[in-house]
2 protein chains.
Amino acid sequence: MADHLPQLELGNQLCFALYRASRAAVRAYGPVLGELGITYPQYLVLLVLWEADEPMSVGAIGEHLHLDSGTLTPLLKRLQDQGIVTRERDPDDERRVLVAPTAAGRAMRKRAATIPAEVSQQYGVAVSDAVDLIAEIHKIADAIEGTVDA
Amino acid sequence: MADHLPQLELGNQLCFALYRASRAAVRAYGPVLGELGITYPQYLVLLVLWEADEPMSVGAIGEHLHLDSGTLTPLLKRLQDQGIVTRERDPDDERRVLVAPTAAGRAMRKRAATIPAEVSQQYGVAVSDAVDLIAEIHKIADAIEGTVDA
DNA sequence: CCAGAGAAGATCGTGTACAATATGATTGTC
DNA sequence: GACAATCATATTGTACACGATCTTCTCTGG
């Protein structure tokens with residue numbers, strides 16, 4: 001009845017490997033980020049804001065993370081409710097909303113600096129080993145997004 | 001003010017690469033799976049059921065996909081509402097719920113057989129190139145889950 | 001000037017994820 | 001053979017993702 005269709009096996013599917021590994025990795029951040037009271041996507045937003053070091057529009061944040069306003073707007077409101085970021089209409093263009101970390105949000109950066117090392121050590125994946133892999137995965141993401149988004 | 005902390009850069013983080021690529025890949029399946037009226041996680045459940053070719057408990061499905069009942073129960077109910085699977089208590093152990101594809105669910109397998117090729121061709125990632133990468137990503141997922149789950 | 005096109009966010013609806021808790025069934029032990 | 005521990009699933013609550021639509025604001029050609 002069930003002739004073997006190897007292309008339908010889970011183990012042969014890149015997408016499933018990514019899906020599984022992504023969820024596992026995000027879960028691994030859970031406890032550490034829990035100390036800071038934030039989630040992984042919220043942490044990603046903060047990484048972008050810290051790096052930019054100036055107020056950013058919702059759209060600009062979304063370009064870095066490949067997320068749209070449907071995801072970011074409620075997430076940013078939660079960060080605002082926690083006093084971690086501010087959200088203000090851009091006086092120069094009232095369509096835009098500028099997001100910036102508060103003093104409390106900036107202060108979290110020092111604690112966060114040790115997080116990647118903590119987690120990847122817990123992984124058992126050496127940071128140096130990961131460099132090539134990271135590049136390769138981004139290359140694939142580029143290829144996929146080139147055909148899907150755009 | 002913002003001294004450069006390279007470990008906090010998005011581009012250096014394996015987790016973000018996985019997170020981004022996973023979402024992109026799942027999105028790429030969207031249109032094709034939309035024809036079948038199912039989502040990507042629902043498709044994964046069907047892959048498992050087709051492969052097993054016999055009724056499976058919720059827990060057994062979850063072991064293959066690394067998902068728990070909190071995610072699977074509502075997902076399976078939606079598949080049941082669409083007439084794609086059946087859900088029945090196991091007479092031998094009333095704690096268990098056995099899930100099996102209906103005739104309609106089994107019929108979807110033929111259409112599905114071409115999906116991975118369609119999507120990965122759209123990716124621009126040759127299936128043969130992906131084999132090593134898939135193995136490497138699963139190895140990382142294993143390592144992470146070994147420290148987080150279990 | 002001003003209508004319409006387009007941009008930027010916000011909102012809505014659906015479907016995951018996942019931690020925490022609840023519920024009912026089974027099992028090992030005395 | 002009660003019964004506490006354990007197991008399998010369900011439920012609840014919170015937070016993403018994302019397609020689709022809506023609102024407001026800006027810009028541009030006539």
Side-chain angles (χ1 to χ4, degrees), chain A residues 16 18-31 33-34 37-45 55-63 65-82 84 87-99 145 148-149, chain B residues 16 18-31 33-34 37-45 55-63 65-82 84 87-99 145 148-149:
Chain A
F16 174 63
L18 292 169
Y19 167 78
R20 178 194 167 200
S22 169
R23 286 189 298 114
V26 169
R27 233 177 308 154
Y29 275 83
L33 294 178
I38 58 176
T39 65
Y40 185 74
Q42 291 170 6
Y43 165 73
L44 291 179
V45 167
M56 285 183 83
S57 70
V58 173
I61 296 171
E63 278 176 35
L65 302 179
H66 308 275
L67 290 170
D68 67 10
S69 72
T71 300
L72 286 174
T73 295
L75 186 159
L76 291 168
K77 283 184 178 174
R78 282 185 284 272
L79 284 178
Q80 183 182 31
D81 290 346
Q82 295 192 57
I84 296 171
R87 291 166 63 244
E88 289 179 10
R89 288 279 162 191
D90 182 347
D92 294 340
D93 183 342
E94 293 274 343
R95 290 172 303 182
R96 270 196 273 248
V97 167
L98 295 178
V99 181
E145 283 171 356
V148 179
D149 305 348
Chain B
F16 175 63
L18 291 169
Y19 167 79
R20 179 195 167 201
S22 169
R23 286 190 298 114
V26 169
R27 235 178 303 153
Y29 273 84
L33 294 178
I38 58 176
T39 65
Y40 184 74
Q42 291 169 7
Y43 166 74
L44 291 179
V45 167
M56 285 182 83
S57 71
V58 173
I61 297 171
E63 277 177 36
L65 302 179
H66 307 274
L67 289 170
D68 67 9
S69 72
T71 301
L72 286 174
T73 295
L75 185 159
L76 291 168
K77 284 184 179 175
R78 282 186 284 272
L79 285 177
Q80 182 181 33
D81 290 345
Q82 297 192 55
I84 295 172
R87 289 166 65 243
E88 288 179 10
R89 287 281 164 190
D90 182 347
D92 293 341
D93 185 341
E94 292 275 343
R95 289 173 302 183
R96 271 195 273 246
V97 168
L98 295 177
V99 182
E145 284 172 355
V148 179
D149 304 349

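Letters go in sequence order (proteins before strands), and every chain restarts at 1.
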I'd like to check the salt bridge (Lys or Arg N to Asp or Glu O under 4.0 Å) partners of Arg23(A); sequence neighbours left out, ordered by chain and number.
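Counting only residues at least two positions away or on another chain, Arg23(A) forms no salt bridge (Lys or Arg N to Asp or Glu O under 4.0 Å).
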Can you tell me how far apart OH (Tyr40(B)) and CZ (Phe16(A)) are? Round to the nearest 0.5 Å.
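It is 7.0 Å, given to the nearest 0.5 Å.
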Could you state the interatomic distance from CG (Asp68(B)) to CD1 (Ile61(B)), rounded to the nearest 0.5 Å?
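Reported value, rounded in 0.5 Å steps: 13.0 Å.
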Starting at atom OH of Tyr29(B), determine the distance to atom P of dT16(C), rounded to an integer number of angstrom.
16 Å
Can you tell me the distance, in whole Å, between the CD atom of Glu94(B) and the C1' atom of dG24(C)?
10 Å
Protein-nucleotide distance (Asp90(B), atom CG; dG24(C), atom C1'), rounded to Å:
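Atom CG in Asp90(B) sits about 15 Å away from atom C1' in dG24(C).
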For nucleotides 5-10 of chain C, read 5' to 3', which letter fits each nucleotide if B means a protein heavy atom sits under 4.0 Å from the base, S means only the sugar-phosphate is that close, and - means neither?
-BBSSB
The salt bridge (Lys or Arg N to Asp or Glu O under 4.0 Å) partners of Arg95(B) (sequence neighbours excluded) come to Asp93(B)
By side chain to side chain contact (heavy atoms under 4.5 Å, CB included), which residues pair with Glu63(B), not counting sequence neighbours?
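For Glu63(B) there are no side chain to side chain contact (heavy atoms under 4.5 Å, CB included) partners, ignoring immediate neighbours.
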Nearest whole angstrom, please: distance from the C1' of dG15(C) to the OH of Tyr19(A).
11 Å
For atom CG of Leu67(B) and atom C1' of dA19(C), their distance in whole Å:
14 Å
Counting the atoms with a prime plus P, OP1 and OP2 as sugar-phosphate, which does Thr39(B) contact under 4.0 Å by heavy atoms, base, sugar-phosphate, or nothing?
sugar-phosphate
Tell me: CZ of Phe16(A) to P of dA17(C), nearest whole Å?
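For the pair Phe16(A) CZ and dA17(C) P, the rounded distance is 11 Å.
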Looking at residues at least two apart in the chain, or sitting in another chain, which of them share a side chain to side chain donor-acceptor pair (under 3.5 Å) with Tyr29(A)?
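Partners of Tyr29(A) by the side chain to side chain donor-acceptor pair (under 3.5 Å) criterion, ordered by chain and then number, come out as Gln13(B).
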Please find the earliest and latest nucleotides of DNA chain D, in the 5' to 3' direction, that have an atom within less than 4.0 Å of any heavy atom of chain A.
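That gives a stretch of dA15(D) to dT26(D).
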What is the separation between atom CZ on Arg27(A) and atom C1' on dA20(C), rounded to the nearest whole Å?
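Whole-Å distance recorded here is 16 Å.
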Which residues share a side chain to side chain donor-acceptor pair (under 3.5 Å) with Arg87(A), sequence neighbours left out
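Per chain and number, Arg87(A) pairs via side chain to side chain donor-acceptor pair (under 3.5 Å) with Gln80(A).
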With sequence neighbours left out, what residues match Gln82(A) under side chain to side chain contact (heavy atoms under 4.5 Å, CB included)?
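Counting only residues at least two positions away or on another chain, Gln82(A) forms a side chain to side chain contact (heavy atoms under 4.5 Å, CB included) with Gln42(A), Ile84(A).
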Run the salt bridge (Lys or Arg N to Asp or Glu O under 4.0 Å) test against Asp90(A) and tell me which residues pass, sequence neighbours left out.
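Only Arg96(A) meet the salt bridge (Lys or Arg N to Asp or Glu O under 4.0 Å) criterion with Asp90(A).
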